[in-house]
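Each residue takes its place number in the sequence, starting with 1.
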Amino acid sequence: MSFSSDAKAELCRARLDSKSAAVAECYGVLLCCNTFSQQEIRIITASDAFAARLPRLFRRAFSLGFDVQPDENASGKRSFLIRDGEKLKKIFEAFGSEWGATLSHHINFGVIEEESERVAFVRGAFLAGGSVTDPEKRYHLEIATPHHAVCREGYSVLLELGFDARETQRAGSWLLYFKQADVIADFFTALGASATAMAVMTVKVDKEMRNTITRQINCDSANADKVVSAAQEQLDAIRLIARRVGLDELSEPLRDAALLRITNPAASLADLAQLSYPKVTKSCLSHRLKKLMALADSMKE
């Protein structure tokens with residue numbers, strides 16, 4: 001199963017406690033489904049959980065069943081169909097639409113006045129027209145509807161629930177979408193899918209941890225390269241001095257610093273300072289090595 005299928009399966013475990021919430025969820029489903037007209041209602045889904053929920057949802061909301069629905073053991077994409085005129089009339093009137101009038105799909109906000117009803121509406125919209133990408137790949141959640149007015153008004157519904165969605169159009173559908181992990185997790189939490197929300201945040205934390213470790217490794221590698229490069233320059237300077245005048249001609253502090261570097265060619269300044277005897281500070285040792293490099297530079301000139 002895909003991540004989106006798992007998310008829908010969890011959402012479908014929400015209880016149908018009240019008729020008003022069931023009506024609101026059906027409203028979201030129908031405004032985002034394949035066909036919602038006065039001639040027919042057609043809902044097509046590949047979600048096993050949603051396919052199992054739909055008959056119960058419509059019975060709870062309208063006390064009616066589908067004219068055509070797939071067998072319980074069917075798999076793949078399944079179609080649910082209503083063409084009976086009396087059933088269609090009952091459904092439209094439940095949403096405050098005048099039967100027989102010119103149909104223009106809008107959200108009747110009177111159907112979703114309570115927050116629980118708005119949550120149910122958005123849940124239905126996501127079940128029928130939504131998807132979420134596996135967060136391991138990228139963060140993207142969208143809800144699609146064939147109706148531009150529903151998309152615009154759906155934005156307001158989401159905003160009332162605390163979600164500022166973006167809007168776009170694709171292949172004849174209008175989409176509301178999010179691309180932030182935190183927002184997607186909060187969305188599923190609000191809809192009652194806490195396990196899905198936790199999965200999104202777990203992936204986000206894991207990604208951030210991996211990125212932090214990678215940055216640290218890259219930083220350590222870069223620092224190590226700098227240490228090796230600086231040590232090589234110091235060794236080259238010391239070898240030049242040894243060839244030209246000999247290390248015995250150096251002052252004792254400079255000679256000790258030179259010998260310390262020769263015997264510890266890959267050590268950092270901090271490590272060299274710890275190895276020195278008598279002990280010196282990192283700053284002091286750095287000053288002595290710089291003097292050796294300056295002396296070598298003067299010899300080159």
Side-chain angles (χ1 to χ4, degrees), residues 1-33 43 45-62 78 80 94-95 107-136 139-145 150-151 153-166 175-205:
M1 291 178 68
S2 67
F3 187 84
S4 192
S5 296
D6 290 341
K8 289 185 178 183
E10 185 178 11
L11 288 174
C12 286
R13 291 197 287 272
R15 293 171 59 90
L16 300 172
D17 289 328
S18 69
K19 180 175 180 178
S20 63
V23 169
E25 186 173 326
C26 282
Y27 202 18
V29 169
L30 292 170
L31 289 175
C32 294
C33 73
I43 305 168
T45 182
S47 167
D48 295 339
F50 186 37
R53 183 178 180 84
L54 274 171
R56 293 186 289 111
L57 182 63
F58 272 66
R59 281 196 300 271
R60 184 74 173 93
F62 312 115
R78 282 145 287 186
F80 294 79
F95 301 138
I107 296 175
N108 180 355
F109 290 92
V111 179
I112 52 173
E113 289 183 326
E114 302 297 327
E115 181 172 338
S116 60
E117 293 164 351
R118 290 192 289 272
V119 168
F121 174 86
V122 174
R123 181 170 59 242
F126 180 81
L127 288 172
S131 65
V132 59
T133 303
D134 187 338
E136 286 285 2
Y139 303 124
H140 182 85
L141 181 149
E142 67 182 37
I143 299 174
T145 173
V150 171
C151 183
E153 293 155 3
Y155 171 85
S156 299
V157 176
L158 288 171
L159 202 59
E160 287 188 23
L161 293 174
F163 302 104
D164 188 3
R166 295 181 182 180
L175 282 71
L176 294 168
Y177 67 94
F178 309 113
K179 285 186 174 294
Q180 301 83 29
D182 293 346
V183 176
I184 293 171
D186 290 344
F187 175 88
F188 282 118
T189 299
L191 268 58
S194 56
T196 301
M198 181 63 70
V200 173
M201 291 309 298
T202 299
V203 170
K204 181 177 184 287
V205 170

Check the angle between the aromatic planes of Tyr27 and Phe95 and answer parallel, tilted or perpendicular using the 30° and 60° thresholds. parallel
Angle between ring planes, Phe163 versus Phe187, binned at 30° and 60°: parallel, tilted or perpendicular? perpendicular
Determine the minimum heavy-atom distance between [X] and [Y], stating which atoms define it.
| X | Y | value |
| --- | --- | --- |
| Thr145 | Cys32 | CB-SG, 4.0 Å |
| Val119 | Leu191 | CG1-CA, 4.0 Å |
| Ala120 | Ala21 | CB-O, 3.3 Å |
| Ile112 | Ala24 | CG2-CB, 3.9 Å |
| Phe3 | Ala199 | CE1-CB, 3.9 Å |
| Cys26 | Leu57 | SG-CG, 3.4 Å |

Can we call the ring centroids of Phe50 and Phe80 under 6.0 Å apart? no
Is the backbone N or O of [Y] less than 3.5 Å from a side-chain atom of [X], with the two atoms forming a donor-acceptor pair by type?
| X | Y | value |
| --- | --- | --- |
| Arg60 | Asp17 | yes |
| Arg118 | Glu113 | yes |
| Ser5 | Ser47 | no |

Scan residues 45-58 for pairs that pass salt bridge (charged side-chain N to carboxylate O under 4.0 Å, His left out), counting only residues two or more places apart or in two chains. Glu25-Arg53, Asp48-Arg78
Hey, what do you get for [atom1] ([X]) to [atom2] ([Y]), rounding to the nearest 0.5 Å?
| X | Y | atom1 | atom2 | value |
| --- | --- | --- | --- | --- |
| Ile107 | Ser156 | CD1 | OG | 8.0 Å |
| Tyr177 | Ile184 | OH | CD1 | 12.0 Å |
| Leu127 | Leu54 | CG | CG | 8.0 Å |
| Ile143 | Tyr155 | CD1 | OH | 14.0 Å |
| Arg166 | Glu142 | CZ | CD | 13.5 Å |

Do Phe58 and Leu30 have side chains that get closer than 4.5 Å, going by heavy atoms? yes
I want to check something: taking the side chain as every heavy atom from C-beta on, are Leu141 and Thr133 in contact at a cut-off of under 4.5 Å? no
Taking only residues two or more places apart in sequence or in another chain, which ones pass side chain to side chain contact (heavy atoms under 4.5 Å, CB included) with Ser194? Glu10
Sequence neighbours excluded, which residues qualify as side chain to side chain contact (heavy atoms under 4.5 Å, CB included) partners of Ala181? Tyr139, Val200, Lys204
Got a sec, which residues hit salt bridge (charged side-chain N to carboxylate O under 4.0 Å, His left out) with Asp134, two or more places apart in sequence or on another chain? none
Could you list the residues that satisfy salt bridge (charged side-chain N to carboxylate O under 4.0 Å, His left out) with Glu114, not counting sequence neighbours? none
Which pairs, with at least one residue in residues 181-193 and sequence neighbours excluded, count as a side-chain hydrogen bond (donor to acceptor under 3.5 Å, both in side chains)? none
Counting heavy atoms not belonging to Glu115, are there more than 12 under 6.0 Å from its CD? no
